[in-house]
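Keep in mind that the numbers below use all heavy atoms, side chains included, and drop hydrogens, waters and symmetry copies. We name chains A, B, ... by the order of the sequence lines, and we start the count at 1 in each one.
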Amino acid sequence: MEKKFKRTTVTSALPYANGPVHVGHLAGVYVPADIYVRYLRLKKEDVLFIGGSDEHGVPITIRARKEGCTPQDIVDRYHTLIKESFEEFGISFDIYSRTSSKTHHELASGIFRTLYDKGEFIEKTSEQYYDEEAHQFLADRYITGECPHCHSEGAYGDQCEKCGSALSPTDLINPKSTISGSKPVLRETKHWFLPLDKHEEWLRQWILEDHKEWRPNVYGQCKSWLDMGLQPRAVSRDLDWGIPVPVEDAEGKVLYVWFDAPIGYISNTKELLPDSWETWWKDPETRLIHFIGKDNIVFHCIVFPAMLKAEGSYILPDNVPSNEFLNLEGDKISTSRNWAVWLHEYLVEFPGKQDVLRYVLTANAPETKDNDFTWKDFQARNNNELVAVFGNFVNRALVLTHKYFDGKVPAADELTDYDKQTLNEFANIKADIEHFLNQFRFRDAQKEAMNLARIGNKYLADTEPWKLAKTDMDRVATIMNISLQLSANLAIAFEPFLPFSAAKLREMLNIQQFDWNELGSTSLLEAGHALNKPELLFEKIEDSVIEAQVQKLLDTKKANEELNYKANPIRQTVEFTDFEKLDIRVGTVLECQKVPKADKLLQFLIEDGLEKRTIVSGIAKYYQPEELVGKQVCFIANLAPRKLKGIVSEGMILSAENNDGTLAVVTPMKEVKPGSEVK
RNA sequence: CGCGGAGUGGAGCAGUUGGUAGCUCGUUGGGCUCAUAACCCAAAGGUCGUUCGUUCGAGUCGAGCCUCCGCAACCA
């Protein structure tokens with residue numbers, strides 16, 4: 001039973017204003033949401049697309065402290081950056097606002113107060129760690145100490161990463177605040193909780209019975225939570241950044257960011273439509289859709305609906321299409337590790353190529369499981385699909401028309417069976433695309449649109465108008481007419497997916513007016529209609545461009561390794577007598593040559609003050625043989641001889657291994673007599 | 001055994017209620033030459049993670065095991 005709705009409110013997860021937006025955000029949320037919204041608008045449905053920055057929470061305050069500025073400075077910086085890059089990228093929000101806005105503070109505060117007055121919260125007092133230097137309570141993750149199980153240092157308040165055991169902050173031995181480094185003290189604090197357990201019954205019915213159509217990952221996760229039994233969830237925090245808890249005796253307490261953020265959807269609607277916002281949030285004939293990533297499922301399917309239900313006057317989401325995650329070149333995207341393709345950088349480095357990224361992210365969208373973004377795939381999809389299939393077909397149709405018919409749409413003559421067959425193939429294109437879009441299957445929908453161009457290329461190859469031009473211009477006219485109608489259909493079909501390119505194509509075809517409902521029509525262009533000059537719809541992306549991006553990521557990876565480098569722990573203590581057993585000497589390199597058929601080995605002849613000795617060492621990747629001749633090296637002189645590649649090595653040359661695995665030979669700072677002992 | 005999701009030809013993905021395993025890219029061969037060396041056709045290539053089970057028949061249902069991702073801090 002399909003329920004009928006009059007309008008749709010679409011929200012997309014609020015990006016956290018603690019960093020820029022990257023391809024993972026786009027693929028997971030903003031591109032699919034934007035496609036969906038553009039599609040609904042094309043169908044002339046009433047739709048509102050709400051976005052905004054999430055600007056509260058602990059991490060922003062920490063970042064501000066680190067950078068020596070205010071939290072407001074941080075959110076101003078990232079809000080502006082995110083907002084501008086979304087706009088340039090063509091994410092068509094009706095409003096993109098922020099949770100630090102006055103409207104939001106008032107509304108979130110009001111909803112909290114309403115729930116408070118209705119007795120929907122419970123109060124609990126507990127002891128939590130408090131940092132007396134930083135003057136704040138500490139989230140679990142901001143406390144480190146010694147793990148009570150494996151006794152390794154650096155365990156976090158919630159988990160020890162060494163042994164994997166789950167902890168609570170009070171388990172830690174010698175707890176330390178990661179903010180100030182001081183020893184935290186336990187202090188009593190009161191918080192408000194939303195008793196989710198009280199909502200379990202209706203949530204169970206609403207999700208598990210009434211919304212079986214939700215994606216398996218969404219449905220499954222909800223079911224799992226419900227089956228485990230819901231627990232009361234804190235809705236306040238001890239913090240000085242956020243929306244003050246609007247009740248008496250709540251100084252120093254703010255709304256928990258997860259309570260306030262989703263209300264941001266509503267506040268931003270209110271900011272846009274101060275008078276009619278309630279229609280979009282309270283009218284049962286409004287359909288509410290949340291686009292989110294998989295980490296957000298529980299909050300949008302359980303916590304937020306429970307909040308709305310408790311308030312009483314709001315509608316609940318009809319669907320929560322959630323994507324899985326996008327990885328980057330095989331590794332998890334990470335803001336803190338700078339492992340990402342940042343939108344604002346992409347826009348600068350690939351000017352005018354918004355649609356290429358939109359296309360790739362949709363074609364490879366993580367709709368059912370985690371996927372991987374690679375630059376090689378990005379290039380291949382651009383060159384082999386956008387350029388070779390879509391752009392090329394349009395170019396062929398337009399160039400041929402200009403060549404044979406002076407850029408005017410020729411009238412179709414009688415259609416052959418093959419023509420009819422071709423036209424039949426895309427007659428259902430509208431229904432197909434809509435079918436997929438209605439189910440939030442954007443990958444399939446876009447593929448369907450692409451099929452139009454594939455049909456076109458095949459049609460031209462089969463009918464060969466360039467040959468017929470010598471004998472039968474009437475037939476050529478028909479073929480070109482059909483090809484151009486196909487091109488016009490492409491301009492409509494791709495409008496939700498690739499808005500920039502669709503506009504460009506319409507410009508080439510010289511059509512200002514178009515209607516989504518005409519998709520599939522074979523008479524979009526009238527005979528005699530003048531076309532504009534064809535331009536390339538998409539450009540090839542050269543290897544060098546892709547290599548530069550890959551290099552950029554490799555550099556990042558290297559920088560990360562440097563940053564994360566930590567010397568290996570010191571090994572077990574040994575007695576001096578053990579050390580004395582080693583005979584370390586200085587020797588002068590007399591000869592040095594590569595060992596044949598070995599990549600890594602160099603063969604040395606060393607002057608050791610007694611007899612010369614041969615040593616083989618695996619440093620060929622880092623040193624040329626000639627640069628070592630005459631140099632002094634340290635070596636272990638009494639190591640048992642060993643055969644390497646058939647050569648007997650009498651000792652071991654000492655070198656230091658750098659964090660990237662490169663080797664540096666150890667050498668005395670002043671020249672000494674060969675055979676000198678190292679002590 | 002915390003809870004969810006996922007594991008399909010070289011790569012990335014589809015596979016609806018169980019009935020001859022599909023698509024895009026890549027590879028190989030052929031065709032075409034209007035087109036951004038692009039387009040079209042054909043072929044090769046898979047014991048559908050693994051073991052066991054239900055069934056006339058399982059990628060599809062059930063059970064165990066292995067691996068990857070996510071949630072429980074931050075993060076789409």
Atom-pair distance ([atom1] on [X]; [atom2] on [N]), nearest Å:
| X | N | atom1 | atom2 | result |
| --- | --- | --- | --- | --- |
| A:N392 | B:C34 | CG | C1' | 9 Å |
| A:D444 | B:U24 | CG | C1' | 12 Å |
| A:N364 | B:U24 | CG | C1' | 11 Å |
| A:E385 | B:G26 | CD | C1' | 12 Å |
| A:E324 | B:G70 | CD | P | 10 Å |
| A:E213 | B:U16 | CD | C1' | 16 Å |
| A:W466 | B:G31 | CH2 | P | 16 Å |
| A:R443 | B:U24 | CZ | P | 15 Å |

By nearest-heavy-atom nucleotide on RNA chain B, the more 5' of A:L400 and A:G220 is A:G220
On RNA chain B, more 5' by nearest nucleotide between A:Q221 and A:V399 is A:Q221
Q) Salt bridge between A:D34 and A:R358, side-chain N to carboxylate O under 4.0 Å? A) yes
Using the [atom1] atoms only, state how far [M] lies from [N], rounded to an integer number of Å.
| N | M | atom1 | value |
| --- | --- | --- | --- |
| B:U8 | B:G22 | C1' | 11 Å |
| B:U16 | B:G49 | P | 14 Å |
| B:C48 | B:G59 | C1' | 5 Å |
| B:G15 | B:A73 | C1' | 38 Å |
| B:A38 | B:C25 | P | 12 Å |
| B:G45 | B:G10 | C1' | 9 Å |
| B:G18 | B:C61 | P | 9 Å |
| B:G9 | B:G30 | P | 29 Å |

From the set [options], return the single nucleotide nearest to any side-chain atom of [X].
| X | options | answer |
| --- | --- | --- |
| A:A461 | B:C25, B:C40, B:C32 | B:C40 |
| A:N395 | B:U24, B:C25, B:A35 | B:A35 |
| A:F299 | B:C74, B:A72, B:G70 | B:A72 |
| A:K447 | B:C23, B:A35, B:C71 | B:C23 |

Could you tell me which nucleotide pairs with [N] by Watson-Crick or G-U wobble geometry, both distances under 3.5 Å, or answer none if nothing does?
| N | answer |
| --- | --- |
| B:C39 | B:G31 |
| B:C71 | B:G2 |
| B:U16 | none |

Across the strands shown, which category fits [X] at heavy-atom distances under 4.0 angstrom: base, sugar-phosphate, nothing?
| X | value |
| --- | --- |
| A:L361 | nothing |
| A:I297 | nothing |
| A:N457 | sugar-phosphate |
| A:F538 | base |
| A:K376 | nothing |
| A:L326 | base |
| A:V29 | sugar-phosphate |

Taking the six-membered ring for Trp, are A:F86 and A:Y30 parallel (under 30°), tilted (30 to 60°) or perpendicular (over 60°)? tilted
- Any side-chain donor-acceptor pair under 3.5 Å between A:N457 and A:R396? yes
Query - Short side-chain donor-acceptor distance under 3.5 Å, A:R63 and A:Y78 - result: yes
I want to check one thing: is the phosphate of [N], taken as OP1 and OP2, less than 4.0 Å away from some side-chain N or O of [X]?
| X | N | answer |
| --- | --- | --- |
| A:R454 | B:C25 | yes |
| A:K458 | B:C41 | yes |
| A:K467 | B:U33 | yes |
| A:N384 | B:G26 | yes |
| A:K540 | B:A38 | yes |

**Study point:** Ring centres under 6.0 angstrom apart (A:H56, A:Y256)
**Key:** no
message: Please confirm whether the ring centroid of A:F494 lies under 6.0 Å from the ring centroid of A:F390.
response: yes
- [ ] Please answer whether the main-chain N or O of A:S100 pairs with a side-chain N or O of A:E55 as donor and acceptor at a distance below 3.5 Å.
- [x] yes
| said: Evaluate A:H79 against A:S53 for side-chain hydrogen bond (donor to acceptor under 3.5 Å, both in side chains), listing each step before the verdict. | reply: CA-CA 6 Å; A:H79 172 73; A:S53 305; 2.7 Å; yes
